[in-house]
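See below for the structure under consideration.
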2 protein chains.
Amino acid sequence: MKNNKATIHDIAAKLNITASTVSRALNNNPRISDETKKKVLKVAKQINYQPNHIASALRSGKSKLIGVIVPTANRNFFSSVIRGIEDLANSLNYKVIISQSYDEYDKEVQNIEALINARVDGIIASFGKMTENFDHFHKVIEKGIPLVLFDRTADVLDVSHVILDDYLGAYQAVDHLIKNGCKRIVHFTNVQRINIYRERKRGYEDALKANGLEVDPALILYGNMQLEDGRKLTEEIIQNKVDFDGIFSSADYAVMGALQVLKEHGIAVPGQVKLAGFGNEPFTSFSDPTITTVDQKSISMGKITAEMFFEMLNGNTNGQVAVAKKTILKPELIIRDSSK
Amino acid sequence: MKNNKATIHDIAAKLNITASTVSRALNNNPRISDETKKKVLKVAKQINYQPNHIASALRSGKSKLIGVIVPTANRNFFSSVIRGIEDLANSLNYKVIISQSYDEYDKEVQNIEALINARVDGIIASFGKMTENFDHFHKVIEKGIPLVLFDRTADVLDVSHVILDDYLGAYQAVDHLIKNGCKRIVHFTNVQRINIYRERKRGYEDALKANGLEVDPALILYGNMQLEDGRKLTEEIIQNKVDFDGIFSSADYAVMGALQVLKEHGIAVPGQVKLAGFGNEPFTSFSDPTITTVDQKSISMGKITAEMFFEMLNGNTNGQVAVAKKTILKPELIIRDSSK
DNA sequence: CTCATTTGAGCAAACGATTGCATTTTAAAA
DNA sequence: TTTTAAAATGCAATCGTTTGCTCAAATGAG
């Protein structure tokens, strides 16, 4: 029971035909008669034939594997996107290899290398915060391996991608804060190299201007967007006696940190300071008060990314990337207690 | 630039030796002289040779792929375990295919099939809540594919695994609640088919008994362990005017739901009711009050699981599983405000 | 009833690496 | 110098499918 034999040759032998015929029958090749196909299928089932994907990958050059690279699967957003990709991929008989870059540049490069070596048929990626150099992605493109990016992208890469309208999401959130009375809104953001932070900041600024408020650089704070970073930034502005009555953070984790620190200092939320985050992480609805945030439409993003990817894979104009398609999704402002 | 040619034959041609020699040189076979190895390596680099894993997988029967099945990668615990596995695997030149069962039995079976078809060299899994039948795992074992389970296991499967001492974790949490004054502790649990819920319940019961308290079946509530389930169960006991002063939940999400409902009803936590969860999900330290919980040692679990797996893979006694090894990790009680 | 088509299937060469066995080269022993 | 063992490399089959091309049978047209 150890060796899983059953090859197309076994089927062929049983039917007194050749392996090529069996192969064609299994692949539903029109050159084979329906009768033969039926017989082949029957015997295949009978002897429990399992196709050897490795052999087929070697010969055909198609591995039926697609690589997905995300910073971390441990975030609601990314795992939802992955689920969307997986669903479509599996239904088309593709397997997904998920690899995480943990926002480390070296790991991202290694992952790409490894995926190429594993001969994936294509790659879907959202790159890490440290990524400034895109040679590894260019290599993918040069090799004619279909590539689609989502969420975190770069303009210098002329590649199909699907992103969120981060600008709009930020604009809406900030506009909402202002409409609810905020006059001096702090903004937490991260390196401007990354499109999403750049766009969110732009949305923040434009919303202020549109409401006749001035953009005060002192209110724009840079840092990583983890919980701890949010705490640190908030401690800072409190220590520095910055005058503020609202915080719009580029990420939910950071705004969560802010909430903690504000409460520790006895500052009322939303009474004295109103908050809004970005990402709609589950915990934003667990906290007290619950946190207003922007939903990133992760499910749609996954679905659309996958669709775009397979379109590219099939419409495969000989590795020649056709026109790069860009899809921009509309975000949704989720209003909760922290901004009321 | 489209086709990535460079095979061992190209290297061989350049050096006027055969492909077999090149292959052996690249695999550091002792039968090849150091001089030849050096030359081969040099040319390989020079012409940018990338080994074709597919070809090697076909011939050698080793894909250098390992499959990991988890209910969902979207949970801190699982993603940490995955990270542990990935780290070791990558350092040994293995790639990890992550697949999620979403706690659906059918998906789990499909995933196993798909992994076997992808010719993974082994499988690491934690199965879903709906899994009662283990034929798909038996198939893996029969085929001689190394299998290691973690966290969610079944006694009927005589397979190496690493689990947490759920009994101890529960015991400590409940003992802690009692020491802090609780007399009537509600327990949230899930289907008893799953080892972890069974053990946690046992720990709960024994801790009560050891402290001279009786086990009241009316205080043991069954349900899924999502946030919503925790809310529902809590609403229920409040409606039914159940007398309780503590809740020990098998999962953090459910205890979070309980906290929300308690607050909505103006019941003070930890004043009137003290809480403890299980899992140490990040949000337990974000909530107000922060929630006492049991840490599952996910990092260690990932590391140990991977080590055990590769031991099995290498010590490969011809697919014949040696003795199933079982490792049990000690949990850690994290005391926070909800139980003070 | 022949000749040209279509249709169905077989042959054999890939795909790129690995590996048991054979052979050559080198070095040591006689 | 001849013999022998050890060291280094070559030969060729193999892993299981796929696929271009060839070939035979069946069908249709003239």
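If you're wondering where the values come from, they're calculated on a predicted model, not measured in any experiment. Order of the sequence lines sets the chain letters (A, B, ...), proteins ahead of strands, with each chain counted from 1.
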Practice task
Look at Asp155(A) together with Lys326(A) and state whether they make a salt bridge at an N to O cut-off of under 4.0 Å.
Solution key: no
Problem - Whole-Å gap separating C1' (dG10(D)) and CG (Leu15(B)) - result: 15 Å
Completion exercise
Heavy-atom nearest nucleotide on DNA chain D taken for Ser33(B) and for Ala55(B); more 5' hit belongs to Ser33(B)
Fill in the blank from the handout: Ile8(B) atom CD1 is separated from dG16(C) atom C1', nearest whole Å, by 6 Å
Fill in the blank from the handout: Nearest-nucleotide check on DNA chain D, Ala19(A) vs Leu58(B); residue mapping nearer the 5' end is Leu58(B)
Exercise for the section: Answer with base, sugar-phosphate or nothing: what part of the nucleic acid does His53(B) contact at a heavy-atom distance below 4.0 Å? Expected result: nothing
Practice task
Provide, to the nearest angstrom, the distance between the CG atom belonging to Asn27(B) and the P atom belonging to dA17(C).
Solution key: 11 Å
Exercise for the section: Describe, in one word, how the ring planes of Phe134(A) and Phe127(A) are oriented to each other, choosing from parallel (under 30°), tilted (30 to 60°) and perpendicular (over 60°). Expected result: tilted
Problem - Check: Thr21(A)/Thr18(A) side-chain N/O donor and acceptor closer than 3.5 Å - result: yes
Practice task
With heavy atoms under 4.0 Å as the rule, sort Asn29(B) into base, sugar-phosphate or nothing.
Solution key: nothing
Practice task
Select base, sugar-phosphate, or nothing to describe what Ser20(A) touches, counting heavy atoms under 4.0 Å on all strands.
Solution key: base
Practice task
Give the rounded distance in Å between these two atoms: NZ of Lys38(A) and P of dA9(C).
Solution key: 13 Å
Practice task
Could you check Ile11(B) against Tyr49(B) for side-chain contact (heavy atoms from CB on, under 4.5 Å), going step by step and ending with a plain yes or no?
Solution key: CA-CA 8 Å; Ile11(B) 301 180; Tyr49(B) 166 77; 3.8 Å; yes
Completion exercise
OG of Ser79(A) to CZ of Arg83(A), rounded to nearest 0.5 Å, is 10.0 Å
Practice task
Check whether any side-chain nitrogen or oxygen of Thr18(B) sits under 4.0 Å from OP1 or OP2 of dC11(D), and answer yes or no.
Solution key: no
Practice task
Scan Ile17(B) against the nucleic acid and name what it touches under 4.0 Å (heavy atoms): base, sugar-phosphate only, or nothing.
Solution key: sugar-phosphate
Problem - Side-chain N,O (Asn52(B)) to OP1/OP2 (dC15(C)) below 4.0 Å - result: no
Please write out each protein N/O paired with an N/O of nucleotides 21-28 of chain D under 3.5 Å, distance rounded to 0.1 Å.
none

Practice task
Would you classify Thr7(B) as touching base, sugar-phosphate or nothing, given that sugar-phosphate means primed atoms plus P, OP1 and OP2, and contacts are heavy atoms under 4.0 Å?
Solution key: sugar-phosphate
Completion exercise
Whole-Å distance, Ile11(B) CD1 to dG10(D) P, equals 14 Å
Completion exercise
Rounded to whole Å, the CG-C1' distance (Asn28(A) to dA9(C)) equals 16 Å
Handout entry: Interatomic spacing from CD in Glu86(A) to NZ in Lys95(A) - rounded to 0.5 Å
Key = 6.5 Å
Problem - Short side-chain N/O contact from Ser56(A) to OP1 or OP2 of dT17(D), under 4.0 Å - result: no
Fill in the blank from the handout: d(Asp34(A) CG, Asn28(A) CG) to nearest 0.5 Å is 8.0 Å
Exercise for the section: Starting at atom CG of Asn16(B), determine the distance to atom P of dG10(D), rounded to an integer number of angstrom. Expected result: 9 Å
Exercise for the section: State whether the distance check finds a donor on one side and an acceptor on the other, under 3.5 Å, for side chain Arg59(B) versus base dT18(C). Expected result: yes
Exercise for the section: Would you tell me if any nitrogen or oxygen in the side chain of Thr36(A) comes within less than 4.0 Å of OP1 or OP2 on dA9(C)? Expected result: yes
Problem - Protein-nucleotide distance (Ile32(A), atom CD1; dT6(C), atom C1'), rounded to Å - result: 15 Å
Handout entry: Point-to-point distance, once rounded to the nearest 0.5 Å, from NZ of Lys39(A) to OG of Ser33(A)
Key = 7.5 Å
